[in-house]
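First comes the structure, then the notes that go with it.
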There are 2 protein chains.
Amino acid sequence: MSLISSAEAQPARGAAMRKPKAPVANRARIVKAALDEFAARGFKGASMDAIAARTHTTRALINYYFGGKEQVYLAVLEHVYAEIREAEGRLDLEHLPPVAAIRRIVQFTFDYYLAHEGFVRLVVTENQAKGRHLKKSRAMRTLNRPIIDTLARVIARGEGDGSFRPGIDPVEVHMAIAALGMFNVTNQHTFSAIFQRDMGARGDVRRRREMVTEIILRYLSKP
Amino acid sequence: MSLISSAEAQPARGAAMRKPKAPVANRARIVKAALDEFAARGFKGASMDAIAARTHTTRALINYYFGGKEQVYLAVLEHVYAEIREAEGRLDLEHLPPVAAIRRIVQFTFDYYLAHEGFVRLVVTENQAKGRHLKKSRAMRTLNRPIIDTLARVIARGEGDGSFRPGIDPVEVHMAIAALGMFNVTNQHTFSAIFQRDMGARGDVRRRREMVTEIILRYLSKP
DNA sequence: CCATGAATTGACGAGCCTGTTAAATTTAAC
DNA sequence: GTTAAATTTAACAGGCTCGTCAATTCATGG
């Protein structure tokens, strides 16, 4: 059943095995197209035909591969989460002093959301569905442990060397970072419309990025 | 035309006036039911029949009143924004010292989002639609000025009496408050599923509320 | 009491979208 | 070259949802 492992599912090529046409490449392209479509229109709003059109294939083919709309959606979800986890894994913070490490984490997260609007919107969509699909995927739980662990290690180091105060909850800090970073992209439109300020303006975004890191650092620092 | 003003459209009940059928009461009930439905399933996902069922009327009647799905949605949007603005208006901060005033604003916002999940989810939905509907409503722009103004006054007072540092942008502060408060309800499900921590747990929520106020106050305070 | 116009309903038609099925087309192995 | 599995296509059937329209209630003013 492993949907994510499909990428490396090159079938060990048993003797009695017949034919690869372009299934692997197709699957990848479908997931990518589906990501855009789901992110743009939500689960119900997304159209299988639209996804098919974006990949120059047909709806029937997608169903042949994945089994149905819901399963395509799940594949996309696992794909994007795997992607961000992988990116986080390359952060390499161990040799940085705590404050610099936090700074890097916050800015990485902020930038990643900004550059991967599809991911963010997908998370929003999934929440609108009350996490119904996510709960079905066991892969998710192990998939997101690392970020918390690294964050916890940095905070512990900071407490140790006196740059941070004690009693900080890493999960809550991660939440604050995610909240500030996500809001910047998820609520762009209503905010811009209401306050007549283009939230996407270059300078503003850079300033906001700095503000978010400052907010987090001030929260962690000694009184 | 005025969709929102319909609430107070009680026809002055002249002596020779008997009750019509139930148009006013119906309209109110429809908006309420539509709020729930749109919040629960998004714009596309919401069903006019479902709304009708919740109000014991029919789809045709709703169209007779509002004109169509999109217009019902718009009426709901204006309704909830008017509601939160009104609640904010009752905050009465002028006589509080700056720090206490900020504390009240933050906690009010946090609590309001928590108690009005429908409102929050509607904002999310509208953002998923890239603010398409909001932009059509001129009412929105004037509707949300007050909160920024009051916040700006409190910050100015704080800068004046030395409790806050200078150079703070009220809009960005409001954004941070909104981000932290909203995330707490919008991302409940994915966060709970991924980190196996029930974000809704009583104690956690109260602690988080305190954390959010602390985050904001630390950001505003002198270095 | 009746005429009038607003409020309300039931039924209809059209559009979109999804999943399936059977047929056609490739491809690798033999 | 044949063959059989793996892909791909085209067409179908069923379901859901939306907006509209003509018909029907009902309170009210004359």
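We name chains A, B, ... by the order of the sequence lines, and we start the count at 1 in each one.
- Across the interface with DNA chain D, nearest-nucleotide mapping of Thr58(A) and Glu70(B) shows Thr58(A) to be the residue nearer the 5′ end.
- Side-chain contact annotation: Arg121(A) with Gln128(B), donor-acceptor N/O pair under 3.5 Å absent.
- Residue contacts shown for Ala46(A) are limited to sugar-phosphate atoms, with no base heavy atom under 4.0 Å away.
- Between dT20(D), dT8(D), dT18(C), one nucleotide has an atom nearer to the side chain of Tyr65(A) than all others, and that is dT8(D).
- Listed pair Asn26(B) / dT8(C) meets the phosphate criterion, a side-chain N or O lying under 4.0 Å from OP1 or OP2.
- In this entry the distance linking CG of Leu61(A) with P of dT20(C) reads 15 Å, nearest Å.
- Picking from dT18(C), dC12(C), dT9(C) the nucleotide with the shortest atom distance to the side chain of Lys69(A) gives dT18(C).
- Atom CZ in Arg41(B) sits about 11 Å away from atom P in dC18(D), given to the nearest Å.
- Between the C1' atom of dT8(C) and the CD1 atom of Ile62(B) lies a distance of 12 Å, rounded to the nearest Å.
- Between Arg59(A) atom CZ and dA10(D) atom P there is a gap of 12 Å when expressed in whole angstrom units.
- For the pair Ile168(A) and Val173(A), the minimum side-chain heavy-atom distance is below 4.5 Å.
- Each of Gly67(B) and Ala60(A) has a nearest nucleotide on DNA chain D; the 5'-most of these lies closest to Ala60(A).
- Using a cut-off of 4.0 Å between Lys/Arg side-chain N and Asp/Glu carboxylate O, Arg206(A) and Glu210(A) are scored as not salt-bridged.
- Residue Met48(A) contributes atom CE, which lies 20 Å from atom P of dG14(D) at whole-angstrom precision.
- Among dC17(C), dT8(C), dC12(C), the nucleotide with an atom closest to any side-chain atom of Ser47(A) is dC17(C).
- The distance from atom CG of Asn63(B) to atom P of dC21(D) is 12 Å, rounded to the nearest whole Å.
- Between the CD1 atom of Ile51(A) and the C1' atom of dG19(C) there is a distance of 14 Å, given to the nearest Å.
- Distances shown here put a side-chain N or O of Tyr64(A) below 4.0 Å from the OP1 or OP2 atom of dT7(D).
- You'll find the side chain of Asn63(B) reaches within 4.5 Å of the side chain of Met48(B), heavy atoms only.
- Spacing between atom CZ of Arg29(B) and atom C1' of dT8(C) amounts to 13 Å, rounded to whole angstrom units.
- Judged by distance alone, the side chain of Ser192(B) and the main-chain N or O of His189(B) form no donor-acceptor pair under 3.5 Å.
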